[in-house]
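Predicted, not measured: the structure shown is a model, and the values here were computed from it.
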Amino acid sequence: MCRIGAIKSLNYVHPSQALRLMQSQQKGHDNSGFAMVMHDLGGIFESYKHLPTLSMACTDEGLKIAEDILHDAGFQRVMQWVPETSDLPGLDINAMPNYVFETFDYPKSFRHGDQKEKEELLVDMRLQMREALEDDELGFVYSFWPDVITLKEIGDPRDIGTYFNLWEPDEKFTAKVITAQCRQNTNYDIVRYAAHPFFLQGYTALANGENTFYLKNVEFQRKLHRGYIGFESDSQCFLYSLHYVHRELGWPLSYFKHVITPLPFEDIEHREDKEQLLAIRQSLAHLEINGPNTIIGVLPDNTMFTCCDAKKLRPVVIGRTDETVVISSEVCGINEVLPDRQWDADIYPHEREVVAIDNNLEVQRWRQ
């Protein structure tokens with residue numbers, strides 16, 4: 001069973017908090033990796049929120065290929081951050097030669113252009129870099145997006161934190177939203193792309209559990225968008241369904257739940273939105289999911305949410321203070337990060353609801 005967690009705060013948070021959130025849940029997991037996506041960046045990236053930052057791990061050759069692709073397209077690098085690493089003896093980490101976090105200005109023809117055009121360009125560039133680096137595993141391009149950083153690595157999460165010097169907080173590398181996972185899937189090969197969280201065009205998703213409708217989802221999603229690729233994990237389908245429902249179709253977040261875990265027909269009959277729900281069941285049946293799972297997601301506006309499978313076969317809990325909200329697959333993770341919260345106010349989401357947290361930390365609960 002995967003361990004997942006997310007932190008959303010009014011203040012900038014260091015990744016050490018995400019490591020602490022995950023560490024207390026590590027009993028029994030197989031130390032296959034640690035990954036995180038950071039939204040709403042602070043520190044040295046705070047002044048560059050409007051410009052895309054490239055997050056990748058690569059060889060020297062892979063770095064040159066990726067930078068050449070961006071430069072040929074007209075992107076100009078404006079900032080580069082190279083994390084200081086501590087390659088101590090005995091660390092369990094399958095490290096890459098380079099970890100790249102570079103911020104670029106758009107090509108001149110796009111700088112004053114339409115926002116949607118910029119967003120489509122960033123997807124195309126990420127896909128082009130990924131394809132160019134896939135042979136011989138020259139590199140892994142995790143995200144290329146404004147105000148977002150992604151780090152994924154294979155090994156023991158504690159050692160990964162040590163390698164990247166993430167256990168000691170500082171003000172250089174922070175964010176207001178951090179999602180994290182400390183165990184890769186065990187149904188497929190352990191590869192960097194398979195590690196949650198998954199990211200596409202401002203959307204982040206990660207899951208605790210499995211999706212037994214994986215093949216049905218994949219066959220349908222491959223035809224929907226050029227960015228729906230890889231499918232290294234069955235949980236990656238959750239990201240693509242979220243992206244498709246919310247961005248491509250433009251539906252409210254509440255309808256994402258109706259797509260992945262539709263209501264029974266006998267319940268739909270009594271609804272005022274009966275026609276809409278029946279249309280969803282008819283047209284998007286191949287996006288339905290099954291099996292034990294809990295999903296945590298982040299939208300482009302940094303709204304954070306969670307929802308469960310229709311039988312709630314995987315746990316999730318939400319704890320909060322006036323300044324911070326934490327979602328965790330196990331309550332011990334929240335106890336580690338928010339020990340002084342009002343514990344009896346914790347939220348244990350229902351199997352038929354979405355719990356969303358906006359940027360004022362207001363918690364909204366939407367029942368199907």
Non-hydrogen atoms of [X] and [Y] that approach each other most closely:
X    : Y    : answer
L121 : P107 : CD2-CD, 4.1 Å
R281 : I268 : CD-CD1, 3.6 Å
S283 : F220 : O-CZ, 4.1 Å
S328 : G333 : OG-CA, 4.0 Å
M22  : G5   : SD-N, 3.8 Å
H196 : A35  : O-CB, 2.9 Å

Can you tell me which residue among [options] is in a side-chain contact (heavy atoms from CB on, under 4.5 Å) with [X]?
X    : options              : result
P349 : I327, V355, T294     : V355
C307 : V316, T261, I295     : I295
L70  : Q76, Q128, R77, M125 : M125

Are the side chains of [X] and [Y] in touch, meaning some heavy atoms are under 4.5 Å apart?
X    : Y    : result
I318 : T306 : yes
E102 : E67  : yes
V317 : I334 : yes

Inset, instruction - Starting from the C-alpha separation in whole Å, work towards a yes-or-no answer on side chain to side chain donor-acceptor pair (under 3.5 Å) for N217 and N211. - result: CA-CA 9 Å; N217 290 169; N211 174 19; 2.7 Å; yes

State, without any angle test, whether [X] and [Y] hold a side-chain donor-acceptor pair at a distance under 3.5 Å.
X    : Y    : answer
S86  : N165 : yes
Y244 : H225 : no
Y228 : H243 : yes
Q23  : R20  : no
N359 : D301 : no
T53  : T103 : yes
N98  : D60  : yes
Q221 : S241 : yes
E153 : Y163 : no
T150 : S55  : no

Does this structure show an ion pair linking [X] with [Y], if we count only N-O contacts that are shorter than 4.0 Å?
X    : Y    : answer
D170 : K172 : no
R314 : D309 : no
D92  : R158 : no
K116 : D114 : no
R226 : D124 : yes

Quick check, are the ring centers of [X] and [Y] under 6.0 angstrom apart?
X    : Y    : result
Y193 : F140 : yes
Y99  : F164 : yes
F256 : H258 : no
F75  : F144 : yes
Y240 : F231 : yes

Joint cluster assignment, [X] & [Y], ILVMFWY side-chain distance < 4.5 Å:
X    : Y    : value
Y348 : L313 : no
F101 : Y12  : no
V148 : L151 : yes
L338 : L361 : no
F45  : V13  : yes

Inset, instruction - Give the C-alpha distance, both sets of side-chain angles, the deciding distance and a yes or no for side chain to side chain donor-acceptor pair (under 3.5 Å) between Q342 and D344. - result: CA-CA 6 Å; Q342 186 178 342; D344 58 4; 3.0 Å; yes

Is [X] atom [atom1] crowded by more than 12 heavy atoms from other residues, nucleotides or ligands, each under 6.0 Å away?
X    : atom1 : value
E272 : CD    : no
E266 : CD    : yes
E171 : CD    : no

Inset, instruction - Test E353 against R365 for salt bridge (Lys or Arg N to Asp or Glu O under 4.0 Å), laying out the working first. - result: CA-CA 7 Å; E353 74 174 338; R365 304 181 71 170; 2.7 Å; yes

Legend entry - Stepwise side-chain contact (heavy atoms from CB on, under 4.5 Å) check, K108 with R111: CA-CA 5 Å; K108 291 182 179 179; R111 289 177 188 174; 3.7 Å; yes

Inset, instruction - Check the pair D40 / K8 against salt bridge (Lys or Arg N to Asp or Glu O under 4.0 Å), numbers first and verdict last. - result: CA-CA 10 Å; D40 198 354; K8 184 173 178 63; 6.0 Å; no

Legend entry - Stepwise side chain to side chain donor-acceptor pair (under 3.5 Å) test for Q276 and Y255: CA-CA 10 Å; Q276 292 89 337; Y255 278 96; 5.6 Å; no

Inset, instruction - Would you kindly check if the NZ (Lys) or CZ (Arg) of K118 is within the cone defined by 45 degrees around the ring axis of F110 and under 6.0 Å from the six-membered ring centre? - result: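 Judged by the rule, K118 and F110 form no cation-pi pair.
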
Inset, instruction - Only pairs at least two apart or in different chains count here, so list each salt bridge (Lys or Arg N to Asp or Glu O under 4.0 Å) that has a residue in residues 235-259. - result: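 Applying salt bridge (Lys or Arg N to Asp or Glu O under 4.0 Å) to every pair that reaches into residues 235-259, excluding sequence neighbours, yields E119-R247, E120-R247.
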
